2 protein chains.
Amino acid sequence: MIFGFDGGELKILLIERNEEPFKDWWALPGNLVRANESLDQSASRILNELTGLGDIYMEQYYTFGDPDRHPQGRVVSIAYYALLRLGGDKALKPISTYAKQAHWVNVKDLPKLAFDHQQIFDKGLEKIKRRIKHQPIAFELLPEKFTLTQLQNVYELILGKKLDKRNFRKKMLSFGVLRDLDEKQKGVSFRAATLYRFDKRKYAKLFGKEISF
Amino acid sequence: MIFGFDGGELKILLIERNEEPFKDWWALPGNLVRANESLDQSASRILNELTGLGDIYMEQYYTFGDPDRHPQGRVVSIAYYALLRLGGDKALKPISTYAKQAHWVNVKDLPKLAFDHQQIFDKGLEKIKRRIKHQPIAFELLPEKFTLTQLQNVYELILGKKLDKRNFRKKMLSFGVLRDLDEKQKGVSFRAATLYRFDKRKYAKLFGKEISF
DNA sequence: CCAAAAGTGTTCCCTCTACACCCATGC
DNA sequence: GCATGGGTGTAGAGGGAACACTTTTGG
């Protein structure tokens with residue numbers, strides 16, 4: 001389950017199936033594990049094949065294996081989610097034989113999904129919601145330099161609710177993991193916002209303590 | 001990974017292997033998924049075969065599948081944890097051919113474990129720690145009627161730290177999910193404690209809200 | 001009467017929440 | 001000059017943490 005954020009909307013990568021069962025349906029991308037790779041490696045490889053990207057934040061979140069989830073017999077799916085920034089227009093190649101095309105779809109406009117993929121999506125989103133409160137995964141969705149409003153936007157989209165601007169800023173800055181870049185946004189037709197960068201060093205020190213973003 | 005609480009110590013069920021590889025080593029119990037059962041069903045069945053018990057709280061927590069975790073080729077293990085109360089002396093039958101015997105072992109005295117089972121244990125315990133703070137899983141380890149001290153004990157053993165008695169009681173009672181049974185502990189050589197029961201109805205109402213035990 | 005655990009309140013501090021207005025910029 | 005989002009402070013309430021003594025019971 002691959003999430004992308006383009007600065008405005010939260011999207012997920014879906015493929016259109018080219019094979020029975022569920023031919024022409026939309027589905028979450030996935031593939032088989034190869035003989036000599038770990039599960040994490042496999043997930044990274046599959047992501048790379050789809051997007052061309054490497055070094056992306058991923059996390060295994062649940063394994064689905066009901067005997068009747070695939071009409072042709074048991075398929076065990078080990079689900080991962082990945083978070084990445086959509087820089088402008090990443091071309092997505094429709095790869096493998098079983099997919100016609102791949103598309104970024106707004107998570108608010110999900111079509112009907114093949115198999116039990118709706119359930120897999122729901123469970124993943126729930127896990128991400130939980131995690132974003134305690135770990136700095138939001139930064140994985142943002143470019144290196146970002147504004148506080150963009151950061152808040154990510155939180156609001158994932159949590160599915162509005163947050164108070166002043167409280168959000170106060171809290172975020174209080175963790176001391178954001179570095180003010182003394183630099184402003186450009187090309188906007190209103191007051192330019194300050195750009196920040198996530199400081200991994202400082203976060204590492206903080207780590208271990210339970211924090212609540 | 002099967003946790004049991006006997007009123008005093010937190011224990012885990014280990015088997016002594018009777019087969020290579022890792023013959024005579026201790027290991028977490030496990031078995032193969034059958035053709036027509038779901039993963040959850042499979043976990044329940046395996047638990048039942050080991051302990052004779054049914055209707056036990058279980059939860060899938062992670063899937064391990066490194067190609068070299070088993071010397072004879074890739075084995076994918078879908079790990080679950082189970083929580084149950086040890087009533088006195090449940091006889092544990094050494095079952096299946098690959099185990100000589102099964103024993104309840106204090107989690108503080110874990111022996112060296114076969115394969116990557118130490119890692120599987122660590123990850124599971126970590127998940128339980130996280131979960132016990134937000135969901136009432138501690139009750140699964142206790143008998144129906146229990147004292148607040150016993151409940152606190154479970155929390156302390158799982159979290160691995162001492163808690164303040166007054167604060168703990170205040171908080172627990174404030175959730176309103178414990179019913180005072182107007183009944184006292186018996187057979188103790190000191191002041192008898194009040195017995196409580198977990199009230200699932202009230203918990204169900206509370207559910208959905210994030211709570212922090 | 002001694003040992004062992006049960007039971008009980010208050011204070012302080014910190015964090016969360018709610019809330020509204022002026023500022024800078026581009027067009 | 002207007003529209004758009006950027007940026008800022010404070011007061012009140014609630015929750016978490018620290019802390020010690022009296023009570024009950026069995027032996």
Side-chain angles (χ1 to χ4, degrees), chain A residues 5-9 129-130 132-134 142-143 145-157 159-197 206 209-213, chain B residues 5-9 129-130 132-134 142-143 145-157 159-197 206 209-213:
Chain A
F5 180 68
D6 63 5
E9 292 294 339
K129 278 187 191 180
R130 206 167 292 250
I132 202 175
K133 291 184 186 160
H134 304 292
L142 290 166
K145 301 175 180 184
F146 53 85
T147 69
L148 286 175
T149 301
Q150 286 169 337
L151 182 59
Q152 183 174 346
N153 213 232
V154 169
Y155 273 84
E156 291 181 346
L157 286 168
L159 296 176
K161 64 180 182 194
K162 288 278 167 213
L163 302 173
D164 181 87
K165 184 163 61 162
R166 277 179 288 196
N167 292 337
F168 181 83
R169 285 163 181 244
K170 220 181 316 169
K171 196 168 181 178
M172 278 297 152
L173 293 173
S174 77
F175 291 122
V177 297
L178 294 183
R179 218 174 48 233
D180 184 330
L181 290 175
D182 255 330
E183 201 177 329
K184 300 282 177 189
Q185 219 178 6
K186 276 178 189 160
V188 289
S189 72
F190 43 80
R191 179 173 176 181
T194 305
L195 292 169
Y196 290 84
R197 175 197 299 271
L206 208 132
K209 295 175 197 166
E210 278 265 319
I211 55 177
S212 281
F213 283 101
Chain B
F5 181 69
D6 62 5
E9 291 294 339
K129 278 188 191 178
R130 207 166 292 249
I132 201 175
K133 292 184 187 160
H134 304 291
L142 289 165
K145 300 175 181 184
F146 54 85
T147 68
L148 285 175
T149 301
Q150 288 170 337
L151 181 60
Q152 184 175 345
N153 214 232
V154 168
Y155 273 83
E156 291 181 345
L157 286 167
L159 296 176
K161 64 180 183 195
K162 288 278 166 210
L163 301 172
D164 180 87
K165 184 162 61 161
R166 276 179 289 193
N167 292 336
F168 181 82
R169 287 164 180 242
K170 221 182 314 170
K171 196 168 180 180
M172 278 297 152
L173 293 173
S174 78
F175 291 122
V177 296
L178 294 183
R179 218 174 49 233
D180 184 331
L181 290 175
D182 254 332
E183 202 178 328
K184 298 283 175 186
Q185 218 177 8
K186 278 179 185 160
V188 289
S189 73
F190 45 79
R191 178 173 177 181
T194 305
L195 292 169
Y196 289 84
R197 176 196 300 269
L206 208 133
K209 296 177 197 165
E210 279 264 319
I211 55 177
S212 282
F213 283 102

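Since we're looking at a predicted model, the values are computed, not measured. Below, chain A is the first sequence line, B the second, and so on; all start at residue 1. The figures here come from the full heavy-atom set of this structure, side chains too, leaving out hydrogens, waters and symmetry mates.
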Donor-acceptor contact present, side-chain B/Q150 to main-chain B/G7, <3.5 Å
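No.
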
Quick check: does any side chain N or O of A/K133 sit under 3.5 Å from a backbone N or O of A/L159, one acting as donor and the other as acceptor?
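No, the answer is negative, given that no donor and acceptor are paired below the 3.5 Å cut-off.
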
Starting from [atom2] on [N], measure out to [atom1] on [X] and report it in whole angstrom.
X	N	atom1	atom2	value
B/K162	D/dG16	NZ	P	21 Å
A/K161	C/dT17	NZ	C1'	12 Å
A/R166	C/dA20	CZ	P	8 Å
B/D164	C/dG9	CG	C1'	12 Å
B/K133	D/dG15	NZ	P	19 Å
B/K170	C/dA6	NZ	C1'	16 Å
A/F168	D/dT8	CZ	C1'	16 Å
A/L163	C/dC19	CG	P	15 Å

Distance criterion of 3.5 Å, no angle test: do you see the side chain of A/K171 paired donor-to-acceptor with the base of C/dT17?
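In this structure, the two groups form no donor-acceptor pair.
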
Should the side chain of B/K186 and the base of D/dT25 be counted as holding a donor-acceptor pair, with the cut-off at 3.5 Å?
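Answer is no: no donor-acceptor pair is held.
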
Side-chain contact test, heavy atoms from C-beta onward, threshold under 4.5 Å: evaluate it for B/Q152 versus B/T149 and give yes or no.
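Side chain of B/Q152 against side chain of B/T149, heavy atoms only: no contact under 4.5 Å found.
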
Are the side chains of A/L178 and A/F146 in touch, meaning some heavy atoms are under 4.5 Å apart?
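Yes; the side chains approach each other to less than 4.5 Å.
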
Could you tell me which non-hydrogen atom of B/K145 sits nearest to which non-hydrogen atom of B/R197, and how far apart they are?
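Distance-wise, the nearest heavy atoms are CE-NH2, 4.0 Å.
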
Dump every N/O contact between nucleotides 4-7 of chain D and the protein below 3.5 Å, one line per pair.
unit_1, atom_1, unit_2, atom_2, d
D/dG6, OP1, A/T149, OG1, 2.9
D/dG6, OP2, A/T149, OG1, 3.0
D/dG6, N7, A/K165, NZ, 3.4
D/dG6, N2, A/R191, NH1, 3.4
D/dG6, N3, A/R191, NH1, 3.3
D/dG7, OP1, A/T194, N, 2.8
D/dG7, OP1, A/T194, OG1, 2.8
D/dG7, OP2, A/R169, NH1, 3.4
D/dG7, N7, A/K165, NZ, 2.6
D/dG7, O6, A/K165, NZ, 3.3

Could you walk me through whether B/E183 and B/T194 pass side chain to side chain contact (heavy atoms under 4.5 Å, CB included), step by step?
CA-CA 6 Å; B/E183 202 178 328; B/T194 305; over 6 Å; no

